[in-house]
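A short write-up of the structure that comes next.
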Amino acid sequence: HAYVFYATSNPYACSALVNAHRLRNFLKSKIPIIFLLGPGVNVPAIDAITASNIGITVVRDNAPALPTGSMEYYEEVLLKLRAFRLHHVYPALERVIVMDSDQLVRKNLDHLFRLPAVDVAAPLLYWGEGMGVTTALMVVRLREELWGIVNNAMKHMTNGEYDMDLINKVLGKRLMVLPGRYCTLNSHWEAGDTPGWFKGIKTSANATSEELVELYDQVEVLHFTAMGKPWNVAPGRIDGDREILRKNKVHPLFVKQFGEWHGNATEVCTA
């Protein structure tokens, strides 16, 4: 087994290191950790990974190209799906948990390796239309047949399709859906609402402070979407900047989430 984080630039590599640090040193996971790194990750980030003494295995790889006309922001996102072929690199690997780096792992996830032998398990895309899954976290059973399906699908993507579209389209019948707590958006603590999976059948607005605290206690993995990526947000300026812009006040946990990321990054992201 192994945890796998992918990164295509130094800031994402730093965030991957934050979460590897959390898994190993705070959450006490002994499972191996692999970083799948694109060519945009360079020497300072690699030095920090080495200096962390977490025992991270680095695999350098290149992202398959998206169709012409795709959004530049997602240019290298398909590097994530190259994790489906890691049994070519490490034949003994049977199962991996592949995660986006722009998240905050809050709980030990080792129990997900003990799921039934499904090809892919991933959290409910509870903020989207329909009943798909998000690819921000995927528990993947490494098999040549599965890699063949994914690799072939990457070669036949159409403009406007990305990793999440591909996985839902070609693996829909093979997916196990995990609860929303395995990928919860940080926007709930900005907007003051709770997701449908928390209480009731739809998003509930005007959540109480106690409900938002209770929600955070349940979150296994937090995904940074509101206000941008954590390395671009100064936690101490959030409240003041929002006041200047006449935006609503956020729950204190919203600021704390960014602060927690920055505290960890300060510890591990410089060699």
Side-chain angles (χ1 to χ4, degrees), residues 1-63 76 79-114 136-140 142 182-183 186 216 219-224 229-236 256-271:
H1 301 328
Y3 288 101
V4 179
F5 293 94
Y6 85 102
T8 58
S9 66
N10 283 13
Y12 279 90
C14 168
S15 201
L17 191 53
V18 163
N19 285 298
H21 172 54
R22 294 174 66 84
L23 277 167
R24 184 71 82 239
N25 297 323
F26 298 165
L27 304 172
K28 304 305 179 185
S29 174
K30 293 181 170 61
I31 302 290
I33 299 172
I34 295 172
F35 279 11
L36 194 55
L37 303 181
V41 179
N42 56 32
V43 172
I46 297 295
D47 287 346
I49 291 166
T50 303
S52 70
N53 292 319
I54 294 170
I56 295 164
T57 300
V58 171
V59 176
R60 303 304 299 249
D61 205 346
N62 294 294
E76 295 182 272
L79 180 63
K80 178 195 314 186
L81 300 188
R82 295 280 291 174
F84 281 72
R85 65 172 293 280
L86 280 173
H87 58 293
H88 290 188
V89 184
Y90 301 106
L93 269 183
E94 296 178 355
R95 201 170 216 176
V96 293
I97 297 177
V98 186
M99 281 187 276
D100 287 3
S101 299
D102 53 346
Q103 306 193 106
L104 197 67
V105 178
R106 300 201 63 246
K107 298 187 181 180
N108 185 306
L109 302 172
D110 290 0
H111 58 279
L112 292 179
F113 289 109
R114 299 188 291 273
L137 180 152
M138 294 182 287
V139 187
V140 180
L142 297 177
Y182 287 98
C183 180
N186 73 325
Y216 198 47
V219 172
E220 308 259 348
V221 180
L222 182 82
H223 193 85
F224 287 102
K229 301 310 174 190
W231 51 88
N232 292 326
V233 176
K256 181 184 176 186
Q257 291 156 3
F258 285 102
E260 200 169 339
W261 185 93
H262 277 273
N264 296 158
T266 300
E267 294 172 7
V268 296
C269 286
T270 51

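Counting begins at 1 with the first residue of the sequence.
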Between Ser15 and Trp231, a side-chain donor and acceptor under 3.5 Å
no

For residues 9-49, which residue pairs qualify under disulfide (SG to SG under 2.5 Å), counting only residues two or more places apart or in two chains?
Cys14-Cys269

Ile97 CD1 to Ile33 CD1 distance, which is reported to the nearest 0.5 Å:
10.5 Å

Counting C-beta onward and ignoring hydrogens, is there a side-chain heavy-atom pair between Leu112 and Tyr182 closer than 4.5 Å?
yes

Taking side chain as C-beta onward, heavy atoms only, is Leu17 less than 4.5 Å from Ile54?
yes

Given side-chain contact (heavy atoms from CB on, under 4.5 Å), test Val98 with Leu86 step by step and report yes or no.
CA-CA 11 Å; Val98 186; Leu86 280 173; over 6 Å; no

Would you list the pairs meeting salt bridge (Lys or Arg N to Asp or Glu O under 4.0 Å) in which at least one residue belongs to residues 3-16, sequence neighbours left out?
none

So CG of Leu36 and CG of Asn62: to nearest 0.5 Å the spacing works out to 10.0 Å

Check the pair Gln257 / Phe224 against side-chain contact (heavy atoms from CB on, under 4.5 Å), numbers first and verdict last.
CA-CA 9 Å; Gln257 291 156 3; Phe224 287 102; 4.3 Å; yes

Asn42: what forms a side-chain hydrogen bond (donor to acceptor under 3.5 Å, both in side chains) with it, not counting sequence neighbours?
Asn10

For Leu27, side-chain contact (heavy atoms from CB on, under 4.5 Å) partners two or more places apart:
Leu23, Val105, Asn108

Could you check whether any side-chain N or O of Arg95 sits under 3.5 Å from a backbone N or O of Ala2, counting only pairs where one atom can act as donor and the other as acceptor?
no

Taking Pro230's backbone N and O only, do any of them form a donor-acceptor pair with His262's side chain (distance below 3.5 Å, no angle check)?
yes

What about the rings of Tyr12 and Phe35, do their centers lie closer together than 6.0 Å?
no

Counting C-beta onward and ignoring hydrogens, is there a side-chain heavy-atom pair between Asn53 and Arg24 closer than 4.5 Å?
no

Kindly write out the residues that satisfy salt bridge (Lys or Arg N to Asp or Glu O under 4.0 Å) with Arg22, not counting sequence neighbours, or none if the list is empty.
Glu260

Does some side-chain heavy atom of Val140 sit less than 4.5 Å from a side-chain heavy atom of Val4?
no

Looking at Tyr216, I'd like to know if the NZ or CZ of Arg106 sits under 6.0 Å from its six-membered ring centre while staying within 45 degrees of the ring's axis.
yes

Taking it one step at a time, do His223 and Asp100 satisfy side-chain contact (heavy atoms from CB on, under 4.5 Å)?
CA-CA 9 Å; His223 193 85; Asp100 287 3; 3.7 Å; yes

By disulfide bond (SG atoms under 2.5 Å apart), Cys183 pairs with (sequence neighbours left out) none

Within a strict 4.5 Å, meaning less than it, do heavy atoms of the Leu93 and Ile34 side chains meet?
yes

Shortest non-hydrogen contact from Tyr6 toward Glu76
CE1-O, 4.4 Å

Rounded distance [0.5 Å steps], CD1 in Ile56 versus NE2 in His21
10.5 Å

Are the side chains of Tyr3 and Leu109 in contact, using a 4.5 Å heavy-atom criterion?
yes

Between CD on residue Glu220 and CG on residue Leu137, distance to nearest 0.5 Å:
9.5 Å

Asn19 vs Ser101 side-chain heavy atoms within contact, under 4.5 Å
no

Taking all atoms of both residues into account, what is the closest heavy-atom pair of Gln103 and Met99, and its distance?
NE2-CB, 4.0 Å

Please report the closest heavy-atom contact between Met138 and Lys80, naming both atoms and the distance.
CE-CD, 3.7 Å

Does the pair Val41 and Val58 meet the rule for a side-chain contact (heavy atoms from CB on, under 4.5 Å), with working shown?
CA-CA 11 Å; Val41 179; Val58 171; over 6 Å; no

Interatomic distance, His88 atom NE2 to Leu142 atom CG [nearest 0.5 angstrom]
9.5 Å

